S.K.: 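First, the structure itself, so that you have it in front of you.
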Amino acid sequence: MKNWLTFRFIVAAVMIALGCYAMIANWHGFGIFFMSVSVIMMSRSELTRPIPRRENFIFAGAALAFVILLISCQWLIPKSAAAAIDHATRHPAFVLPMGLLFYWGLYRMYRRRKGGADC
């Protein structure tokens, strides 16, 4: 069991590295690398348990709000500002601290699952 946890940790760390590289390389769809980390680190019991109805409604509401926000940003943010924001979020000075933050969170998750965290 612990060996599988270590393997999942290594795969998740590689996915974070790929996500950071994809951001710097300006690949569209780089978010799939970051989103896959949470699924990779889930145990079998977490993946197979039924999702409560309340959590489904919360997820649906948050997803709908996010889509509305994305659609409204096309009309509310000028093109020059959107290009500047896009350039800033793909700069290594932004991506490196974000990647380190993801690695720190992944390590904390690994230590909790392993049973050795003092959180």
Side-chain angles (χ1 to χ4, degrees):
M1 180 67 174
K2 302 249 184 202
N3 291 336
W4 280 108
L5 181 64
T6 304
F7 177 74
R8 289 193 324 245
F9 174 75
I10 292 169
V11 171
V14 168
M15 295 305 273
I16 290 173
L18 286 173
C20 290
Y21 174 74
M23 279 185 76
I24 291 174
N26 200 13
W27 292 355
H28 296 289
F30 63 85
I32 193 72
F33 294 115
F34 295 122
M35 288 185 290
S36 65
V37 170
S38 61
V39 176
I40 290 170
M41 288 302 291
M42 281 186 184
S43 65
R44 179 175 289 168
S45 63
E46 288 175 323
L47 286 171
T48 57
R49 77 172 174 86
I51 300 172
R53 183 176 297 243
R54 182 173 184 267
E55 287 183 22
N56 280 334
F57 284 132
I58 291 172
F59 174 75
L64 182 65
F66 183 69
V67 168
I68 290 171
L69 179 72
L70 285 179
I71 292 172
S72 65
C73 281
Q74 292 179 356
W75 291 294
L76 297 177
I77 298 178
K79 298 291 183 199
S80 60
I85 292 170
D86 186 48
H87 176 71
T89 56
R90 295 184 189 285
H91 195 275
F94 176 78
V95 175
L96 184 64
M98 188 191 70
L100 292 174
L101 185 66
F102 276 133
Y103 278 123
W104 177 72
L106 177 66
Y107 179 72
R108 283 184 49 116
M109 187 184 315
Y110 171 72
R111 294 294 292 177
R112 264 196 214 123
R113 304 261 166 126
K114 193 173 178 183
D118 296 310
C119 299

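On a predicted model such as this, the values are computed, not experimentally measured, just so you know.
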S.K.: If you group Ile, Leu, Val, Met, Phe, Trp and Tyr by side-chain heavy-atom gaps below 4.5 Å, do I85 and F30 land in one group?
M.R.: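 No, no single cluster joins them.
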S.K.: If you take all heavy atoms of P97 and P92, which pair is closest and at what distance?
M.R.: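 In this case the closest contact between P97 and P92 is CD-O, 4.0 Å.
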S.K.: If every non-hydrogen atom of Y103 is compared with every non-hydrogen atom of A13, which pair is closest and at what distance?
M.R.: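 Closest approach of Y103 to A13: OH-O, 3.0 Å.
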S.K.: So which heavy atom on I77 is nearest to which on A81, and how close?
M.R.: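 Between these two residues, the closest heavy atoms are CG2-CB, 4.0 Å.
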S.K.: Nearest 0.5 Å, what's the CD1-OG distance between I32 and S36?
M.R.: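 One finds 6.5 Å between CD1 of I32 and OG of S36.
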S.K.: So, for R108 and R112, which heavy atoms are closest and what is the spacing to 0.1 Å?
M.R.: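 Smallest interatomic distance, heavy atoms only, reads NH2-NH2, 2.5 Å.
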S.K.: To the nearest 0.5 Å, what is the distance between CD1 on I10 and CG on L5?
M.R.: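 If we round to the nearest 0.5 Å, I10:CD1 and L5:CG are 10.0 Å apart.
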S.K.: If we ignore hydrogens and angles and just use 3.5 Å, is the side chain of E46 paired with the main-chain N or O of S43 as donor and acceptor?
M.R.: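 Checking the backbone N and O of S43 against the side chain of E46, a donor-acceptor pair under 3.5 Å is found.
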S.K.: Is a donor on one side and an acceptor on the other found under 3.5 Å between the side chain of Y110 and the backbone of T6?
M.R.: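 Absent.
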S.K.: Check whether any side-chain heavy atom of M23 lies under 4.5 Å from a side-chain heavy atom of M98, and answer yes or no.
M.R.: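 Yes, their side chains come closer than 4.5 Å.
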S.K.: Let me check something: do V11 and V39 share a hydrophobic cluster, defined by ILVMFWY side-chain heavy atoms less than 4.5 Å apart, either directly or through other members?
M.R.: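 Shared cluster, no.
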S.K.: Would H91 and I24 count as a side-chain contact (heavy atoms from CB on, under 4.5 Å) if you check the C-alpha gap in whole Å, the side-chain angles of each, and the deciding distance to 0.1 Å?
M.R.: CA-CA 6 Å; H91 195 275; I24 291 174; over 6 Å; no
S.K.: Between A12 and L106, what is the shortest heavy-atom contact and its length?
M.R.: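 Reported closest heavy-atom pair: CB-CD1, 3.7 Å.
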S.K.: Are M15 and W4 grouped together when hydrophobic residues (ILVMFWY) are joined by side-chain heavy atoms under 4.5 angstrom apart?
M.R.: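 Yes; W4 is reachable from M15 via cluster members.
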S.K.: Please list all pairs meeting ring-ring contact (aromatic ring centres under 6.0 Å, His included) that have one or both residues in residues 31-83, counting only residues at least two apart or in different chains.
M.R.: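 Counting only pairs at least two positions apart or across chains, the ring-ring contact (aromatic ring centres under 6.0 Å, His included) contacts touching residues 31-83 are F34-F102.
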S.K.: Which pairs with one or both residues in residues 11-32 pass side chain to side chain donor-acceptor pair (under 3.5 Å), sequence neighbours excluded?
M.R.: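 Counting only pairs at least two positions apart or across chains, the side chain to side chain donor-acceptor pair (under 3.5 Å) contacts touching residues 11-32 are N26-R90.
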